[in-house]
2 protein chains.
Amino acid sequence: MPSLTEQIETWLKEQLIRSRENILEIKRGELAQEFDCVPSQVNYVLETRFTVERGYLVQSRRGGRGYIRIIKLEMDLPERLRHLRDSIGPSISQGRAEGILLHLAEEGLLNRREKRVLQAAISRDNLKVDLPLRDMIRARLLKAMLLALLGE
Amino acid sequence: MPSLTEQIETWLKEQLIRSRENILEIKRGELAQEFDCVPSQVNYVLETRFTVERGYLVQSRRGGRGYIRIIKLEMDLPERLRHLRDSIGPSISQGRAEGILLHLAEEGLLNRREKRVLQAAISRDNLKVDLPLRDMIRARLLKAMLLALLGE
DNA sequence: TAGATAAAGGTCAGGAAAGGTCAAAGACCA
DNA sequence: TGGTCTTTGACCTTTCCTGACCTTTATCTA
């Protein structure tokens with residue numbers, strides 16, 4: 001049985017696909033009711049699963065007629081690579097790096113094998129270097145590998 | 001009377017066979033209860049009996065709805081990986097690493113894209129770390145990436 | 001139209017539910 | 001009796017979920 005978080009994540013992504021659009025608008029309260037949980041659970045899902053690294057933008061408005069809007073980002077490859085390079089920067093945590101991989105994989109830019117390889121290369125367990133340096137090596141490797149893979 | 005470790009090992013392997021699949025998912029806590037032992041005993045069994053050496057891959061996740069997943073590798077792979085691991089050793093030069101990649105590519109175990117990624121990851125220009133350490137990181141990464149790639 | 005009220009969504013800390021690590025004690029065997 | 005393999009338990013980290021309390025926005029009403 002998948003966790004609540006996973007169920008909500010899946011549901012939202014399905015809605016996005018089913019609607020054939022890149023925008024989905026929901027009511028936090030209604031969604032929470034649907035899944036029989038507290039509203040802040042929805043925030044948790046959004047914060048952990050719909051981040052920019054993973055290719056989503058979340059906007060919202062409070063008050064009467066409030067809403068939460070989830071936008072799936074789409075860019076062409078060259079733009080994407082530039083953007084990736086910038087967002088990786090000189091140093092990157094494992095968590096953020098994994099978000100990027102997930103995102104690329106979901107878009108079909110990385111197949112399962114490739115994702116696994118990259119994943120292995122950025123894992124702290126494999127890098128085994130102390131912290132400020134580790135995140136810097138990871139950033140360099142990730143950028144180089146993505147360039148090798150995506151940038152003909 | 002076989003040791004606890006052996007009992008658990010046997011039980012897990014039986015489950016793997018019985019399920020007719022190469023993947024088995026368990027809860028550490030439940031298993032420990034079943035065998036009336038501390039949970040960390042399960043880790044010990046996994047560490048000593050379900051290693052890559054012996055043809056297994058173990059994945060896990062913590063937190064709510066956590067799990068431990070044991071994956072049985074294809075028949076001839078463990079042998080292959082053992083050999084690779086030995087030939088890489090604890091430290092490897094860029095030249096020798098490239099030789100290995102070339103060899104694997106020739107054998108068709110690596111396609112062009114994959115080779116490019118690995119190549120990028122082991123390049124001294126991307127690692128950018130001073131020398132004794134660089135070759136050690138390269139060795140760890142190469143082994144981990146190949147394992148990720150070949151260990152379905 | 002200013003202020004009250006209702007109707008959203010946001011934040012954050014805490015607790016629960018996993019699994020991980022490590023060192024020390026115990027058991028077994030050569 | 002020394003060394004290796006097992007077993008245990010204390011403590012740690014990660015992930016998920018909840019609830020109390022806060023802020024923002026729209027709408028209604030005097």
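Chain naming here is simple, since letters A, B, ... match the order of the sequence lines and numbering starts at 1 in each.
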Between A:Glu6 and B:Arg65, does at least one N-O distance fall below 4.0 Å, as a salt bridge requires?
-> no
Answer with base, sugar-phosphate or nothing: what part of the nucleic acid does A:Ser40 contact at a heavy-atom distance below 4.0 Å?
-> base
Rounded to whole Å, CG of A:Asn43 lies from P of D:dG19 at a distance of 15 Å
In whole angstrom, what separates B:Tyr44's OH from D:dA10's C1'?
-> 20 Å
Separation of atom CG in A:Asp125 from atom P in D:dT13, rounded to whole Å = 15 Å
B:Ile8 CD1 to D:dT7 C1': how many Å, rounded?
-> 10 Å
Salt-bridged, B:Arg113 to A:Glu114, with N to O below 4.0 Å?
-> yes
Can a cation-pi geometry be assigned to B:Lys72 and B:Phe50, taking NZ or CZ under 6.0 Å from the six-membered ring centre and within 45° of the ring axis?
-> no
Side chains of A:Glu107 and A:His103: is there a donor and an acceptor less than 3.5 Å apart?
-> yes
A:Leu31 CG to C:dA8 C1', straight-line distance once rounded to whole Å | 14 Å
For A:Arg61 and D:dT23, is the shortest distance between a side-chain N/O and OP1 or OP2 below 4.0 Å?
-> no
Describe, in one word, how the ring planes of A:Trp11 and A:Phe35 are oriented to each other, choosing from parallel (under 30°), tilted (30 to 60°) and perpendicular (over 60°).
-> perpendicular
Using a 4.0 Å heavy-atom cut-off across all strands, classify A:Gly63 as base, sugar-phosphate, or nothing.
-> base
Does the base of D:dT13 carry an N or O that pairs as donor and acceptor with the side chain of B:Arg62 under 3.5 Å?
-> yes
Taking atom CG of A:Asp130 as the centre, does the number of heavy atoms from other residues, nucleotides or ligands within less than 6.0 Å exceed 12?
-> no
For A:Gln41 and A:Thr5, test the side chains for any donor-to-acceptor distance below 3.5 angstrom and give the result as yes or no.
-> yes
Verify the contact: side-chain N or O of A:Arg28 to OP1 or OP2 of C:dA7, cut-off strictly under 4.0 Å; return yes or no.
-> no
Report yes if a side-chain nitrogen or oxygen of A:Thr5 is closer than 4.0 Å to either non-bridging phosphate oxygen (OP1 or OP2) of D:dC17; otherwise report no.
-> yes
Examine B:Leu146 and B:Ile71 and state if one hydrophobic cluster contains both, with Ile, Leu, Val, Met, Phe, Trp and Tyr joined whenever side-chain heavy atoms are less than 4.5 Å apart.
-> yes
May I have the distance from B:Gln59 (atom CD) to C:dG20 (atom C1'), rounded to whole angstrom?
-> 16 Å
Terminal axis angle for the helix from C:dT1-D:dA30 to C:dA30-D:dT1, five pairs an end, nearest 10 degrees = 10°
Whole angstrom is fine here: how far is it from CD in A:Gln94 over to P in D:dT13?
-> 15 Å
On DNA chain D, check which nucleotide each of B:Gln41 and A:Thr48 is closest to and give me the residue with the more 5' one.
-> B:Gln41
Between A:Leu4 (CG) and C:dA17 (P), how many Å, whole number?
-> 15 Å
Look at the side-chain N and O atoms of B:Arg65 and state whether any lies under 4.0 Å from the OP1 or OP2 oxygen of D:dT14.
-> no
Please determine if a side-chain N or O atom of A:Arg69 lies less than 4.0 Å away from the OP1 or OP2 oxygen of C:dG9.
-> no
C:dA18 phosphate, OP1 or OP2, under 4.0 Å from B:Lys27 side-chain N/O = yes
